[in-house]
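For clarity, every value in this text was computed on a predicted model and none was experimentally measured.
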Amino acid sequence: MAETAALYDTYMRAPLRFERGEGVWLITENGERYLDFAAGVAVNSLGHAHPHLVAELKAQADKVWHLSNLYEVPGQEKLSKRLTEATFADKVFFTNSGAEALECAIKTARRYQFANGHPEKFHIITFEGAFHGRTIATIAAGGQEKYIEGFGPKAPGFDQVAFGDLDAVRAAITDATAAILIEPVQGEGGIRPATNEFLRGLRDICDEHGLLLVLDEVQCGVGRTGKLFAHEWAGIKPDIMAVAKGIGGGFPLGACLATAEAASGMKAGTHGSTYGGNPLAMAVGNAVLDIVLADGFLEHVRDMALVFRQGLASLKDRFPDIIEDIRGEGLMLGIKAAIPQADLLQAIRAEHLLGVPAGNNVVRLLPPLVVTAEEAREGLARIERAAERVRAARVKKSA
């Protein structure tokens with residue numbers, strides 16, 4: 001504990017100290033190898049020490065690290081152009097994190113209504129189980145009391161309704177409503193995908209009432225579900241979208257994407273960031289897109305997702321006392337445990353496999369998108385051994 005005594009006590013850290021990574025593997029200081037299906041909570045989209053990302057970061061490090069947004073940054077121009085060409089968006093604002101991207105998205109939506117003569121429209125409809133970040137505004141948007149408690153009055157302007165209930169959304173709309181904010185797949189909330197019909201319904205409601213549809217694809221974006229962005233499965237286009245995590249492949253990077261219309265209120269001086277869009281982040285972000293946008297990459301993600309889903313379905317059938325359900329899309333998967341989540345996660349870690357806890361008693365599996373079929377099967381074998389370990393322990397305890 002001595003090494004962490006000077007740190008804030010805000011994390012419950014596992015007693016693991018990793019020295020280096022290779023692809024989907026992490027290696028501890030004493031040489032133990034762990035199969036990393038946590039990926040830094042869906043951040044290390046291309047695994048650890050990907051040679052292309054490393055080369056581009058090193059090349060940029062020899063040039064210039066930071067400029068600020070007082071000047072033109074060529075890497076921003078390149079990355080924003082590639083993002084707008086590949087998505088619905090016309091405009092991009094670069095940030096350092098998902099929470100910052102969400103802050104920008106919230107401000108963009110509110111500013112749009114203000115600039116169009118509706119300053120009273122600042123309320124945003126959000127959904128139960130959501131997680132949008134840890135800032136004062138984004139904890140209010142997420143609405144979970146465990147994150148809000150003790151930080152003063154909840155920031156006003158967020159009206160939360162049941163996930164998946166279009167009637168509840170319609171009932172929540174008032175003259176003060178500016179936008180609807182949703183994760184196409186809830187991550188922290190327990191790997192809960194919104195149905196395509198629900199997302200299409202939200203798009204229709206926004207069009208009908210003059211609202212902006214804001215998507216939080218911080219965790220489910222950048223190829224994680226087998227499409228570049230998860231909303232593409234529903235065939236819809238948002239007005240604003242927050243992106244982070246996988247877009248930086250491990251380097252702190254986020255972005256707020258918007259149509260020209262939705263971003264029309266964001267004039268010079270209305271928003272800013274000291275580090276957002278720095279040259280190092282831009283070099284890595286462009287390197288990530290080199291890989292993710294390459295022919296066949298998203299098809300590979302979908303193929304690996306099928307391997308995982310079939311394997312996990314088999315484990316669910318064989319261990320119904322341990323695994324209640326399998327959830328998710330692409331390589332954003334969740335095991336809803338039939339036992340305390342922590343027991344299953346501990347057993348998985350004992351098999352040198354890393355997962356991530358989530359709400360609703362779910363263990364998240366978020367492997368790097370470059371995972372191979374062999375590595376997927378190895379991970380499934382370790383989950384099987386973990387389930388056997390838990391079952392044996394429970395039998396012994398009840399004997």
Checking F114 against F122 for the ring pair (Phe, Tyr, Trp, His ring centres under 6.0 Å) test, could you report, in this order, the C-alpha distance in whole Å, the side-chain angles of both residues, the deciding distance, and whether it holds? CA-CA 8 Å; F114 173 87; F122 68 93; over 10 Å; no
Test side chain to side chain donor-acceptor pair (under 3.5 Å) on E261 and S264 and set out the steps. CA-CA 5 Å; E261 174 69 12; S264 60; 4.7 Å; no
Test log, rule side-chain contact (heavy atoms from CB on, under 4.5 Å), inputs L354 and L26: CA-CA 9 Å; L354 304 176; L26 280 171; 3.8 Å; yes
Kindly determine whether V43 and L366 satisfy side-chain contact (heavy atoms from CB on, under 4.5 Å), including the steps that lead there. CA-CA 9 Å; V43 167; L366 305 163; over 6 Å; no
List the steps, then state whether side-chain contact (heavy atoms from CB on, under 4.5 Å) holds for Q219 with R224. CA-CA 8 Å; Q219 188 166 151; R224 178 58 55 184; 5.8 Å; no
Please determine whether side-chain contact (heavy atoms from CB on, under 4.5 Å) holds for the pair K91 and T259, giving the CA-CA distance in whole Å, both sets of side-chain angles, and the decisive distance to 0.1 Å. CA-CA 6 Å; K91 298 286 186 178; T259 64; over 6 Å; no
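A donor-acceptor pair is defined here as one N or O able to donate and one able to accept, closer than 3.5 Å; no such pair exists between the side chain of E188 and the backbone of G359. In this structure a side-chain-to-backbone donor-acceptor pair under 3.5 Å is present from Q144 to A130. For the pair N360 (side chain) and G190 (backbone), a donor-acceptor distance under 3.5 Å is absent. Using a distance-only test at 3.5 Å, with no hydrogens or angles considered, no donor-acceptor pair links the side chain of Q60 to the main chain of M282.
Counting heavy atoms from C-beta outward, F251 and L53 have side chains that stay 4.5 Å or more apart. Between T126 and I182 the shortest side-chain heavy-atom distance does not fall below 4.5 Å. A heavy-atom distance below 4.5 Å is found between the side chains of L333 and R309. Counting heavy atoms from C-beta outward, L166 and F198 have side chains that approach closer than 4.5 Å. Within the 4.5 Å cutoff, side-chain heavy atoms of F319 are placed close to those of E388. At a threshold of 4.5 Å between non-hydrogen side-chain atoms, the residues L181 and H132 count as touching. Residues Q76 and N69 form a side-chain contact, since some pair of their non-hydrogen atoms from C-beta on lies under 4.5 Å apart. At a threshold of 4.5 Å between non-hydrogen side-chain atoms, the residues V243 and V218 do not count as touching.
Under a 4.0 Å N-O distance rule, the pair D175/K121 does not qualify as a salt bridge. Electrostatic pairing of E85 and K81 counts as a salt bridge here, judged by a charged N lying under 4.0 Å from a carboxylate O. A salt bridge between E22 and R20 is present, with a side-chain N of the basic residue lying under 4.0 Å from a carboxylate O of the acidic one. Ion pairing between a basic and an acidic side chain is recognised when a charged N comes within 4.0 Å of a carboxylate O; E103 and K107 show no such pairing.
Hydrophobic clustering (side-chain heavy atoms under 4.5 Å, transitive across Ile, Leu, Val, Met, Phe, Trp, Tyr) keeps I180 apart from I240. By the criterion of side-chain heavy atoms lying less than 4.5 angstrom apart, applied directly or through intervening Ile, Leu, Val, Met, Phe, Trp or Tyr residues, L365 is grouped together with V24 in one hydrophobic cluster. A continuous path of ILVMFWY side-chain contacts below 4.5 Å connects I383 to W25, so both sit in one hydrophobic cluster. Connection of V92 to L67 is not established within any shared hydrophobic cluster, with ILVMFWY side chains joined at heavy-atom distances below 4.5 Å, either directly or through further cluster members.
Summarising the geometry, atom CD1 belonging to I125 is positioned 9.0 Å from atom NE2 belonging to H209; distances are rounded to the nearest 0.5 Å.
Y34 has its ring centre less than 6.0 Å from the ring centre of F18. Between F229 and F88, the distance separating the two ring centers is not shorter than 6.0 angstrom. Between F158 and F127, the distance from one ring center to the other does not fall under 6.0 angstrom. Here F94 and Y275 keep their ring centres 6.0 angstrom or further from each other.
Summarising the local packing, CG of D9 is surrounded by 12 or fewer heavy atoms from other residues, nucleotides or ligands at distances under 6.0 Å. Crowding of K237 atom NZ: a count of heavy atoms from other residues, nucleotides or ligands under 6.0 Å not exceeding 12.
R82 and N286 share a donor-acceptor pair across their side chains, judged by distance under 3.5 Å alone. Counting only N and O atoms by type, the side chains of D159 and H123 include a donor and acceptor under 3.5 Å apart. Defined by atom type and a distance below 3.5 Å, a donor-acceptor pair is missing between the side-chain atoms of Q346 and R389.
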